[in-house]
Amino acid sequence: MSSVIASTAIRGRFLDIQNTVAQAREIHDQVRYFEDGLLITQAGKIQWFGPWSDGQHHLPDQVEVQHYSDQLIVPGFIDTHVHYPQTEMMGAYGEQLLEWLDTYTFPTEIQFEDPAYAEQIAQFFVNELLKNGTTTALVFCTVHPQSVDALFQAAEQHQMRLIAGKVMMDRHAPEALCDTAESGYNDSKALIEKWHGKGRNLYAITPRFAPTSTPEQLARAGELKAEFPDVYVHTHLSENKNEIAWVNELFPEQKGYLDVYHHYGLTGSRSVFAHCVHLQDSEWDCMHATDSAIAFCPTSNLFLGSGLFPLKKTWEKQVKVGLGTDIGAGTSFNQLQTINEAYKVQQLQGEKLSAFEALYHATLGGAKALDLDGKLGNFNIGKEADFVVLDLKATALQALRQQRAKNLEDALFALMLMGDDRNIHATYVYGQCAYVKQN
Ligand code: GUN
Ligand code: ZN
């Protein structure tokens, strides 16, 4: 097929989930695995995908085939909730949410007033994502517009699909981190016009959480969402019991925490709410009715002692969910580690999380939570070519365990429970290799 110009051809073992599903039990039937497969990309998109035996005849002229004979190739991981300015404050000791914000988080975020500082940390952050096989993330910046510029500029260098936004926060935080209802609206609007849809960048209106926004600011955020319906809304919801009690005090006229956001027009199919550990039944119903999504952040929920997220409820109530690292309350950038903790969070509630369900949440399910499953999440032809090359045997212990693996599912589960950034052999973004592990 000489008419086809491909930029990349990758041969190896491929694993993905072919379609989104309504129930966890349906995932097994959607698992697609080629022991010897071929992926051809062109201009960042997947042009051909299938078994090598068929695909070798489709190879465009002059394309060099990169053969990963030992590894496992899966779609790029999707992190549905992370704070890039908190990269440097991971592992801050001893506090739960509200005290942790005051003691560690706000002082850290003040530094992002300086664009050079923001640029330095944004570069570090993007490299860390790539090093961990994460190709798309929904990201909190700080209140400073320059923090958003720094992140999108860093992402653009790799043509990475990131969604991000400036924090809106006009009370209950240090003066240096506060905007106003008016400036928060104006700055966010200018950033939407500058970045949303530029290359692969997408913008998220980002009120930090209900306690740090006045009703006026939330109303302005809702106006902005109405003016730009295809931008995202990204915030926190029902993470910690003291936080929920505080919201009830601050907004007595609303029925509950989610109602505050719903009242101001901030729910919807491009709204992502981090945590949702303690939702009421009526709030689950509202999440479903508005097609809003949850970012489940297990390492953070355990680190801050926030609680155990009931993943099973997302299937029962038909609410979209993805995995989030929630750096810097989260304790790892790595989605294998995040799955490891997600599994234990389910065990503590008497539930299971299978390897294939975990893969779904980290890839196609995460894409669906971000309303990007038409573009990302698996190897379907036409999708954007973001993927990770995983080394299953990065240590002697892992090699021993993998030799005993009973089948693919067992091998994948062992990788998830024992794996970390050492297992990320290479990360491809938009058809191009953006990271290779150095031994
Ligand atoms: N709620 C409000 N702000 C934050 C934050 O920065 N991290 C977490 N985990 N929860 C929040
Ligand atoms: Zn967060």
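Every number for a ligand or one of its atoms is a count from 1 in the order of the listing. This chain uses plain numbering: 1 for the first residue, then up along the sequence.
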Novice: Under 4.0 Å between a Lys/Arg side-chain N and an Asp/Glu carboxylate O for Asp281 and Lys317?
Specialist: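 Judged by the 4.0 Å cut-off on N to carboxylate O distance, Asp281 and Lys317 do form a salt bridge.
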Novice: Do the side chains of Arg401 and Asp410 get close enough for a salt bridge, i.e. N-O under 4.0 angstrom?
Specialist: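 The answer is yes: the pair qualifies as a salt bridge.
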Novice: Would you please indicate if the ring centroids of His425 and Tyr68 are separated by under 6.0 Å?
Specialist: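 Centroid separation for His425 and Tyr68: below 6.0 Å.
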Novice: Around atom CZ of Arg171, are there more than 12 heavy atoms from other residues, nucleotides or ligands closer than 6.0 Å?
Specialist: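 Atom CZ in Arg171 is crowded, with more than 12 foreign heavy atoms closer than 6.0 Å.
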Novice: Looking at His275, which atoms of ligand 1 are within less than 4.0 Å of one of its heavy atoms?
Specialist: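 Counting from 1, the qualifying ligand atoms are 9 (N).
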Novice: What do you reckon, are the aromatic ring centroids of Phe125 and Phe333 less than 6.0 Å apart?
Specialist: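 Aromatic pair counts; centres sit under 6.0 Å.
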Novice: Is the Tyr261 ring parallel, tilted or perpendicular to the Phe273 ring (thresholds 30°, 60°)?
Specialist: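 Ring orientation, 0 to 90° scale: tilted.
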Novice: Taking the six-membered ring for Trp and the single ring otherwise, decide whether the centroids of Phe140 and His81 are under 6.0 Å apart.
Specialist: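 Yes: the rings meet the under 6.0 Å criterion.
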Novice: Please identify which atoms of ligand 1 are closer than 4.0 Å to at least one heavy atom of Glu239.
Specialist: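 Close to Glu239: 1 (N), 8 (C), 9 (N), 10 (N), 11 (C).
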Novice: Ion pair present between Glu384 and Lys45, side-chain N to carboxylate O less than 4.0 angstrom?
Specialist: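 Salt bridge absent between Glu384 and Lys45.
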Novice: So does Glu227 pair up with Lys189, basic N to acidic O under 4.0 Å?
Specialist: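 Result for this pair is yes, salt bridge flagged.
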Novice: At what distance is the nearest protein heavy atom to atom 9 (N) of ligand 1, and which residue and atom is it?
Specialist: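 Looking at atom 9 (N) of ligand 1, the protein heavy atom closest to it is Asp326 OD2, 2.7 Å.
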Novice: To which protein heavy atom is atom 3 (N) of ligand 1 closest, and what is the distance rounded to 0.1 Å?
Specialist: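 Going atom by atom, the protein heavy atom closest to atom 3 (N) of ligand 1 ends up being Arg208 NE, 2.8 Å.
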Novice: For atom 5 (C) of ligand 1, what's the nearest protein heavy atom and its distance?
Specialist: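 Nearest protein contact, heavy atoms only, for atom 5 (C) of ligand 1 is His83 CE1, 3.5 Å.
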Novice: I need the atoms of ligand 1 closer than 4.0 Å to a non-hydrogen atom of Leu97, numbered in the order shown.
Specialist: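 Near Leu97, meaning under 4.0 Å from one of its heavy atoms, ligand 1 has 1 (N), 8 (C), 10 (N), 11 (C).
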Novice: Among protein atoms, how many N/O/S atoms lie less than 2.8 Å from the Zn ion (ligand 2)?
Specialist: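 Those protein atoms number 4 in total.
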Novice: Would you call Trp100 a ligand 1 contact, heavy-atom distance under 4.0 Å?
Specialist: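 It does; at least one heavy atom falls under 4.0 Å.
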Novice: Does some non-hydrogen atom of Glu243 fall short of 4.0 Å from ligand 1?
Specialist: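 No, Glu243 has no heavy atom closer than 4.0 Å to ligand 1.
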Novice: What pairs of residues pass the ring pair (Phe, Tyr, Trp, His ring centres under 6.0 Å) test when at least one of them lies in residues 181-220, not counting sequence neighbours?
Specialist: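 Matches after skipping sequence neighbours: Phe152-Trp195.
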